[in-house]
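So the structure is just underneath, and the comments pick up after that.
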Amino acid sequence: VTRIEDEVEKKYLQILDRTSKDTITEFDVSEFVKDGMLESANLSEESGVTYLILTFNTDSGKDEIKLDVSTLIDIY
């Protein structure tokens, strides 16, 4: 999501409720995400562990980062 705040464009990564699509939380990612750099952000559950998976476009191709968010988010 992109918003204008104090005349500056800011980019946010939002975590949405799967059912209602309401915003649970959001992070200001303006400092490290440039246009087209972040390809996708997904939640995944593997063996009872919840991951936030960020896929970035880099010069060498797609680069995926898996963040363990099990203590922050429950997938039902």
Side-chain angles (χ1 to χ4, degrees):
V1 173
T2 301
R3 290 195 298 259
I4 305 297
E5 295 179 5
D6 299 322
E7 299 181 19
V8 176
E9 183 178 273
K10 294 200 173 193
K11 296 182 185 324
Y12 291 88
L13 173 66
Q14 291 185 324
I15 306 293
L16 304 177
D17 181 274
R18 182 172 282 176
T19 306
S20 68
K21 303 298 184 205
D22 292 335
T23 300
I24 296 170
T25 189
E26 64 183 20
F27 305 93
D28 182 357
V29 294
S30 303
E31 293 300 314
F32 69 92
V33 175
K34 305 299 180 202
D35 283 338
M37 186 177 186
L38 180 65
E39 179 173 291
S40 64
N42 296 296
L43 280 179
S44 175
E45 185 175 13
E46 301 171 17
S47 302
V49 178
T50 303
Y51 292 99
L52 174 62
I53 302 172
L54 303 173
T55 305
F56 292 92
N57 292 313
T58 65
D59 290 338
S60 60
K62 307 274 186 247
D63 195 12
E64 186 176 279
I65 297 173
K66 290 172 73 172
L67 304 169
D68 181 350
V69 294
S70 298
T71 60
L72 303 172
I73 300 169
D74 284 330
I75 296 180
Y76 297 96

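Legend: residues meeting side-chain contact (heavy atoms from CB on, under 4.5 Å) with Thr25, ordered by chain and number and at least two apart, are Ile15, Phe27. Thr71 meets the side chain to side chain donor-acceptor pair (under 3.5 Å) test with no other residue; sequence neighbours excluded. In this view, Leu16 and Gln14, Thr23 satisfy the side-chain contact (heavy atoms from CB on, under 4.5 Å) rule, not counting sequence neighbours. Residues satisfying the side-chain contact (heavy atoms from CB on, under 4.5 Å) test with Asp22, not counting sequence neighbours, are Ser20. Scanning for side chain to side chain donor-acceptor pair (under 3.5 Å) contacts around Lys21 gives an empty result, with sequence neighbours left out. For Asn42, there are no side chain to side chain donor-acceptor pair (under 3.5 Å) partners two or more places apart in sequence or in a different chain.
Under the 4.5 Å side-chain criterion, counting only non-hydrogen atoms from C-beta, Asn57 is in contact with Lys62.
Of all heavy-atom pairs between Thr50 and Ser70, the closest is N-OG, 2.9 Å. The two residues Leu52 and Val69 make their nearest non-hydrogen contact at N-CG2, 3.8 Å.
The line from CG of Asp68 to CD of Glu46 is 10.5 Å long, rounded to the nearest 0.5 Å. Interatomic distance, Ile24 CD1 to Asp17 CG, rounded to the nearest 0.5 Å: 5.0 Å.
Within the 3.5 Å criterion, the main-chain N or O of Glu64 finds no donor-acceptor partner in the side chain of Thr55.
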